[in-house]
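Because only heavy atoms are used, hydrogens play no part in the values below, and waters and symmetry mates are left out as well, while side chains stay in. Reminder, nothing fancy here: chain letters follow the sequence lines and each chain counts from 1. Keep in mind it's a predicted model, so treat the numbers as computed, not measured.
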There are 2 protein chains.
Amino acid sequence: MLDREFFLGFVRIHILYHASKEPISGVEIAKELRRHGYYLSPGTLYPALHRLEKKGYLERSSRVVAGKVRKYYVITQQGLEVLKDASKKIRELVDEVLEEGG
Amino acid sequence: MLDREFFLGFVRIHILYHASKEPISGVEIAKELRRHGYYLSPGTLYPALHRLEKKGYLERSSRVVAGKVRKYYVITQQGLEVLKDASKKIRELVDEVLEEGG
DNA sequence: ATGATAATATCGCCTGACAATATCGGAATA
DNA sequence: TATTCCGATATTGTCAGGCGATATTATCAT
């Protein structure tokens with residue numbers, strides 16, 4: 001699997017993106033990430049979510065689904081701006097690294 | 001500036017990319033990164049280069065330029081594979097996050 | 001109430017970020 | 001050749017984050 005030092009930033013962006021589409025919980029995020037080939041343990045995922053919330057990029061609320069409590073995350077205005085900035089950077093990467101060939 | 005926890009992976013990829021085009025030194029890398037809006041201090045850049053070398057993604061050689069020693073880095077076969085994997089992941093990000101609009 | 005289940009939270013160790021500081025090596029000067 | 005300068009690279013010390021393992025929590029079924 002791709003070395004973690006390369007993809008952890010990608011993971012953050014995937015999270016912000018999904019949280020911009022609809023409220024999404026930790027397990028659901030984990031599942032989405034797995035779909036993309038990112039296998040994060042709870043010890044990595046949850047602290048990351050808490051941090052993104054603390055920084056003001058995500059907003060959290062609780063909901064009960066199938067008898068279990070889930071914490072749902074939605075992106076904030078500030079999170080949207082970060083996502084937009086990140087998109088700009090991704091474009092630059094693409095223009096440079098993927099222009100020819102990829 | 002964009003939060004570091006998002007972009008440090010991008011920086012690595014830029015480094016591998018440039019090192020795949022031609023031998024490039026620390027200062028030159030720093031300059032390239034600044035061009036992209038990434039301002040890394042020596043305490044971040046050099047240890048990162050050493051680590052990428054140690055992991056076998058980069059190969060180092062010394063050269064004297066304008067009376068100063070520079071360490072030039074070139075990508076390795078293994079580094080190329082990482083870069084290729086990363087490109088795949090970037091594509092996924094683009095398809096998902098940038099598809100509509102950006 | 002109790003146990004089972006699954007989602008979230010935390011602990012502890014280790015690695016990495018980073019600003020500040022040190023080192024190193026060639027070139028120029030004398 | 002000793003000295004000094006300069007800019008590139010290296011390292012140090014502190015703090016934040018990654019991550020596997022473990023604990024906690026809240027709900028439902030019995």
Quiz item: cation-pi between A:Lys71 and A:Tyr46, 6.0 Å / 45°
no

5' priority, DNA chain D, between A:Ala66 and B:Tyr73 [closest heavy atom]
B:Tyr73

Looking only at the side chain of A:Arg12 (C-beta and beyond, no hydrogens), which of the listed nucleotides D:dG17, C:dA17, D:dT11 gets closest?
D:dG17

For the pair made of CZ in A:Phe10 and C1' in D:dG18, what is the distance, rounded to whole Å?
18 Å

What's the closest nucleotide to the side chain of A:Ser25 if the choices are D:dT11, C:dT8, D:dC6?
C:dT8

Where the side chain of B:Thr44 is concerned, which of D:dG18, C:dA17, C:dG26 is the nearest nucleotide?
C:dA17

The nucleotide from C:dA9, D:dG18, D:dA8 with an atom nearest the side chain of A:His50 is C:dA9

Could you say whether A:Gly26 or A:Gly67 is positioned toward the 5' end of DNA chain C, judged by the nucleotide with the nearest heavy atom to each?
A:Gly67

Give the nucleotide from the list C:dT10, C:dG26, C:dT8 with an atom nearest to the side chain of A:Pro47.
C:dT10

Using atom types as modelled and distance alone, determine if a side-chain donor or acceptor of B:Thr76 lies under 3.5 Å from a backbone N or O of B:Glu59.
no

Looking only at C:dA17, C:dA7, D:dG17, the nucleotide nearest the A:Lys55 side chain is D:dG17

Round to a whole Å and report the spacing from CD1 of B:Ile29 to P of D:dA8.
13 Å

Report yes if the distance between the aromatic ring centroids of B:His36 and B:Phe10 is under 6.0 Å, otherwise no.
no

Among the nucleotides C:dG16, D:dA8, C:dA7, which one has an atom lying closest to any side-chain atom of A:Tyr46?
C:dA7

Which whole-number value in Å describes the distance from B:Arg70 CZ to D:dC6 C1'?
13 Å

Taking the minimum atom-to-atom distance to the side chain of B:Val69, which one of D:dA8, D:dA10, C:dG26 wins?
C:dG26

Per A:Val27 side chain, nearest of listed nucleotides C:dT8, C:dG26, D:dA10
C:dT8

State which of D:dA8, C:dA17, D:dG17 makes the closest approach to the side chain of A:Arg51.
D:dG17

Is the base of C:dT5 touched by the side chain of A:Lys68 through a donor-acceptor pair closer than 3.5 angstrom?
yes

For a quick check of understanding: with a heavy-atom distance under 4.0 Å over all strands, which category does B:Arg60 fall into, base, sugar-phosphate or nothing?
sugar-phosphate

Compute both the distance and the angle, then confirm whether B:Arg63 meets the cation-pi test with B:Tyr72: under 6.0 Å from the six-membered ring centre, within 45 degrees of the axis.
yes

Where is the tightest heavy-atom contact between B:Val97 and A:Ser87, given as atom of each residue plus distance?
CG1-OG, 3.7 Å

